[in-house]
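Written out below as structure tokens is the structure these notes cover.
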Amino acid sequence: MNKQELENRLMDFAATIIIVASKFEKNYAGNHLSGQIIRSGTSPALNYGEAQSAESSKDFIHKMGICLKELRESFVCLKIIEKANLTTDLNNLSIAKKEANELISIFVSSIKTAKTNMK
């Protein structure tokens with residue numbers, strides 16, 4: 001997968017997160033987790049753009065690490081949303097969980113490769 005394909009996947013993931021969050025129940029928990037998942041779910045796409053302009057290999061690894069942390073946070077948040085039954089849009093929720101998991105794997109691998117290449 002090239003950089004543009006990964007960036008597109010991250011943008012699609014962010015859009016899916018926004019769609020999922022827009023359908024949450026309008027209560028305290030729904031509002032709270034809606035804001036949380038939108039922040040963590042859109043962050044990887046934005047931070048990946050920053051990683052592409054990294055000033056060094058170390059900076060690239062750091063920025064990719066931020067993407068990974070936000071993806072993991074999003075994945076856990078999606079599981080909480082599912083367990084708390086905050087949405088009826090189970091199809092997009094399932095898509096988002098699957099994609100978060102796949103993106104996590106991609107970022108773990110990319111960071112590992114970048115660290116190896118630094119040595």
Side-chain angles (χ1 to χ4, degrees):
M1 172 180 310
N2 66 37
K3 294 174 186 179
Q4 189 59 50
E5 290 169 333
L6 180 54
E7 183 175 63
N8 287 337
R9 280 184 75 169
L10 289 166
M11 289 187 296
D12 290 345
F13 177 71
T16 300
I17 291 296
I18 292 167
I19 291 166
V20 168
S22 71
K23 298 179 182 175
F24 285 1
E25 289 188 28
K26 303 299 181 210
N27 57 33
Y28 181 77
N31 293 338
H32 174 72
L33 287 174
S34 173
Q36 186 67 39
I37 193 70
I38 288 172
R39 283 187 298 277
S40 67
T42 58
S43 175
L46 303 171
N47 281 297
Y48 183 70
E50 284 191 31
Q52 297 313 302
S53 298
E55 296 174 6
S56 65
S57 295
K58 187 175 179 181
D59 188 34
F60 175 78
I61 291 166
H62 173 72
K63 288 178 174 153
M64 292 291 280
I66 292 170
C67 294
L68 177 59
K69 288 164 71 172
E70 295 290 338
L71 286 165
R72 286 184 170 147
E73 179 179 331
S74 297
F75 185 67
V76 170
C77 194
L78 289 165
K79 292 193 298 187
I80 292 168
I81 290 159
E82 182 177 44
K83 287 183 180 287
N85 296 314
L86 291 177
T87 184
T88 56
D89 188 0
L90 301 180
N91 182 51
N92 276 320
L93 183 65
S94 177
I95 289 167
K97 280 178 46 188
K98 182 179 184 291
E99 184 66 356
N101 201 34
E102 289 179 14
L103 288 168
I104 288 167
S105 295
I106 290 167
F107 276 83
V108 166
S109 178
S110 294
I111 292 167
K112 189 180 292 185
T113 298
K115 285 180 177 179
T116 301
N117 289 343
M118 262 183 65
K119 295 177 182 176

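Just so we're clear, the structure is a prediction, and the values are computed from it rather than from any experiment. What's counted below: heavy atoms across the whole structure, side chains too, no hydrogens, waters or symmetry copies.
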- Given salt bridge (charged side-chain N to carboxylate O under 4.0 Å, His left out), test Glu102 with Lys98 step by step and report yes or no. CA-CA 6 Å; Glu102 289 179 14; Lys98 182 179 184 291; 2.6 Å; yes
- Message: Using side chain to side chain contact (heavy atoms under 4.5 Å, CB included), reason through Glu99 and Thr16 one step at a time and then give a plain yes or no.
- Response: CA-CA 10 Å; Glu99 184 66 356; Thr16 300; over 6 Å; no
- Message: With side chain to side chain contact (heavy atoms under 4.5 Å, CB included) as the criterion, how do Ile66 and Phe107 come out once you've worked through the C-alpha distance, each side chain's angles and the decisive distance to 0.1 Å?
- Response: CA-CA 10 Å; Ile66 292 170; Phe107 276 83; over 6 Å; no
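Sorted by first then second residue, the side chain to side chain donor-acceptor pair (under 3.5 Å) pairs that include residues 103-116, not counting sequence neighbours, number zero.
Summarising the geometry of Cys67 relative to Pro44, their closest heavy-atom pair is SG-O, 3.5 Å, with the distance given to 0.1 Å. Between Lys23 and Thr87, the shortest heavy-atom contact is O-OG1, 3.8 Å. For Cys77 against Ile37, the heavy-atom pair with the smallest separation is CB-CD1, 3.6 Å. For Ile19 against Ser22, the heavy-atom pair with the smallest separation is O-OG, 2.7 Å. In this structure, Ile38 and Thr42 approach most closely via the heavy-atom pair O-OG1, 2.6 Å. Gln52 and Phe60 make their closest contact through NE2-CE1, 4.0 Å (heavy atoms, listed as atom of the first residue, atom of the second, distance).
For the pair Leu103/Leu6, a side-chain contact is recorded, criterion being any heavy-atom separation below 4.5 Å from C-beta on.
Ile106 and Val76 fall within a single hydrophobic cluster, where Ile, Leu, Val, Met, Phe, Trp and Tyr are joined by side-chain heavy atoms under 4.5 Å apart, directly or via other members. By the rule that hydrophobic residues join a cluster once side-chain heavy atoms approach within less than 4.5 Å of another member, Ile95 and Leu71 end up as members of separate clusters.
Judged by distance alone, the side chain of Arg72 and the main-chain N or O of Leu68 form no donor-acceptor pair under 3.5 Å.
In this structure, Glu55 places its CD atom where only 12 or fewer heavy-atom neighbours from other residues, nucleotides or ligands lie under 6.0 Å away.
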